[in-house]
> 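Would you mind keeping the following structure in view while I ask a few things?
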Amino acid sequence: MLTMSRFVFESIETKNVYLWNSLINGYVKNHDFDEALVLFHEMGRRSVVPDDYTLATISKVCGEVQDLGFGKLVHGKSIRIGFVSDIVVGNSVMAMYSRCGMFVDAMKVFDEMPHRNVGSFNVIISGCAALGDCNPTSGDDLWKFFVRMLSEGFKPDAFTIASLLPMCCAGKWDYGRELHCYLVKNGLGLKMGSDVHVGSSLIDMYSRNNKVFLSRRVFDQMESRNIYVWTALVNGYVQNGAPEYALILLRDMQMFDGIRPNKVSLVSVLPACSTLAGLIGGKQIHAFSIKMELSNDISLCNALIDMYAKCGSLDYARLVFENDSRIKDAISWSSMISAYGLHGRGEEAVIMYYKMLDQGIKPDIITVVGILSACSKSGLVDEGIGIYNSLMAKYEMKPTIEICACVVDLLGRSGKLDQALEFINEMPLDPGPSVWGSLLSASITHGNSMTRDLAYRRLLELEPENPSNYISLSNTYASYTRWDVVAEVRTEMKERGLRKVPGCSWITISGKTHSFLVADKAHPSSSLIYEMLEDLVSIMIGEVSADIDVLT
DNA sequence: TCTAAAGTAT
């Protein structure tokens with residue numbers, strides 16, 4: 001179609017600005033931004049003066065390709081030609097600055113606009129939301145900006161609400177339901193026009209607030225769904241601990257809507273396979289990605305490495321890392337380091353870590369957590385501490401609470417509880433539950449009642465509503481037959497109305513899933529299972545010379 | 001002509 005347009009365009013001798021605009025627009029619609037820019041230059045060479053339509057479109061293109069330099073030139077041209085007071089040109093210029101990471105300049109344009117429309121506010125709101133913080137004007141927050149929009153008589157539309165929804169996160173903004181309400185009352189999106197943008201934003205908002213049943217309700221109410229909507233719900237189920245529903249949904253999107261999962265859908269669903277420890281499901285996703293010719297995609301490979309490692313197959317994880325992912329980023333290396341750590345192969349994790357540095361890839365916080373926990377699990381205390389110190393010195397990395405918890409775990413696990421406590425006292429951040437939790441489990445392992453009781457005290461202060469802390473405390477005293485303390489703790493829990501959902505583990509054999517609670521004897525093969533467990537424990541504590549045949 | 005959506009690594 002576009003080549004036809006081009007043919008007609010070339011055949012006309014005197015081309016006015018409208019002709020140029022429509023051809024440029026054609027390329028933009030086809031995402032051929034480079035060709036649109038080439039045409040704009042050509043237009044300039046032929047001394048055709050751009051109008052408001054041209055400038056708005058080209059500004060957008062500069063934003064899309066993140067060419068700030070040229071974007072500024074277009075902004076200047078708009079000022080010279082006198083279109084800068086045009087609302088759409090102004091909005092477009094703001095969007096360009098915002099997409100090029102110059103939010104402050106976008107705000108400046110906004111402040112200087114003589115006239116605005118809803119879109120002007122929307123550009124600022126979405127740009128600000130993309131930054132992840134709420135600071136459109138100094139001292140003002142995004143909500144105040146939204147209130148300003150209302151007070152100036154502008155009516156929020158579906159764009160406005162869809163940009164505000166991602167800011168509604170537990171602990172940040174609690175306006176999610178109100179915004180949803182506004183949409184319903186004003187007939188924006190959903191049932192009326194089945195707006196897939198609004199729908200996927202709502203689904204995502206409810207999922208992030210741990211209300212996936214509300215995500216589902218939004219999903220069911222929609223009249224039509226696209227891949228964004230389906231994937232948002234798949235991800236919602238994965239993030240909310242319902243991996244089986246995520247897998248069902250992946251099938252349904254193809255069966256009912258004929259929508260093929262893309263790379264984002266597959267990356268979203270892979271952690272579901274890990275949670276279910278379903279190597280077969282994970283392999284099916286892998287096979288599907290090969291069919292879709294996505295198997296060399298970096299983010300998909302990273303998700304596959306993680307899935308294989310968590311499903312127990314270090315070999316497959318390594319194969320994907322070595323053969324499939326041709327380009328490797330920090331996530332690829334971090335995933336592989338964590339994979340070795342997870343399998344108790346600390347030395348190999350350390351080798352990977354140094355290889356990563358050799359490749360010139362900068363470790364991030366996730367890498368550090370991965371390598372430190374790998375060292376910890378394998379008892380490589382000196383290596384771990386060495387890496388920690390070099391990172392803080394060489395890379396000027398600031399320790400996070402997670403990294404500190406890893407260091408405490410590293411020292412504590414190997415019995416250096418005094419050093420761990422010293423580290424906690426000297427760490428630059430307030431030690432949180434994860435830090436005290438690490439000290440606690442190390443203290444229990446090594447039988448140090450002093451650090452243990454200190455950790456319990458801190459944990460109960462920090463999270464008086466977390467039932468796990470009380471259960472752990474009760475179990476500890478039960479092991480000393482201090483039933484008086486146990487009763488006291490249980491009473492405290494009851495008074496606070498706390499209940500702990502018992503943990504369980506499961507395994508799927510030939511399509512049948514067997515699940516087990518603590519001290520569970522309900523399984524028909526229970527006695528056989530416990531016999532095997534005893535054998536395994538004997539091997540681990542070295543009473544029996546390790547004979548691998550016993551295990552296979 | 002401008003403005004909006006889904007993802008992976010502790």
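Computed from a prediction, not measured in an experiment: that's the story for all the values here. Here is how names work: the chains are called A, B, and so on, in the same order as the sequence lines, proteins then strands, and each is numbered from 1.
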> Write down the distance between CG (A:D51) and P (B:dC2), rounded to a whole number of angstrom.
13 Å
> State which residues pass salt bridge (Lys or Arg N to Asp or Glu O under 4.0 Å) with A:K263; sequence neighbours excluded, sorted by chain then number.
A:D297
> Can you classify the ring geometry of A:W143 versus A:F146 as parallel (below 30°), tilted (30 to 60°) or perpendicular (above 60°)?
tilted
> Round to the nearest Å and state the distance from A:M43 atom CE to B:dT1 atom P.
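Distance, rounded to whole Å: 15 Å.
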> For the pair made of OH in A:Y18 and P in B:dT1, what is the distance, rounded to whole Å?
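One finds 14 Å between P of B:dT1 and OH of A:Y18, rounded.
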> To the nearest Å, give me how far apart CZ (A:F40) and C1' (B:dT1) are.
13 Å
> Compute the centroid of each ring, for A:H286 and then for A:Y316, and state whether the two points are separated by less than 6.0 Å.
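Centroid separation for A:H286 and A:Y316: 6.0 Å or greater.
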> With sequence neighbours left out, what residues match A:D252 under side-chain hydrogen bond (donor to acceptor under 3.5 Å, both in side chains)?
none
> Rounded to the nearest angstrom, tell me the gap between atom CZ in A:R99 and atom P in B:dC2.
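Atom-to-atom, A:R99 to B:dC2, this comes out as 12 Å.
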> Treating primed atoms plus P, OP1 and OP2 as sugar-phosphate and everything else as base, which nucleotides of nucleotides 5-10 of chain B get B, S or - for protein heavy atoms under 4.0 Å?
BBBBBB
> With a 4.0 Å cut-off, would you call A:R318 and A:D315 a salt bridge?
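Between A:D315 and A:R318 there is a salt bridge, with a charged N closer than 4.0 Å to a carboxylate O.
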> Does A:V88 reach a base, just sugar-phosphate, or nothing at all? Heavy atoms under 4.0 Å.
base
> Given atom OH of A:Y97 and atom P of B:dC2, what is their separation to the nearest angstrom?
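It works out to 18 Å between those atoms.
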> Round to the nearest Å and state the distance from A:N117 atom CG to B:dC2 atom P.
13 Å
> Examine the side chains of A:S332 and A:D329 and answer whether a donor and an acceptor come within less than 3.5 Å of each other.
yes
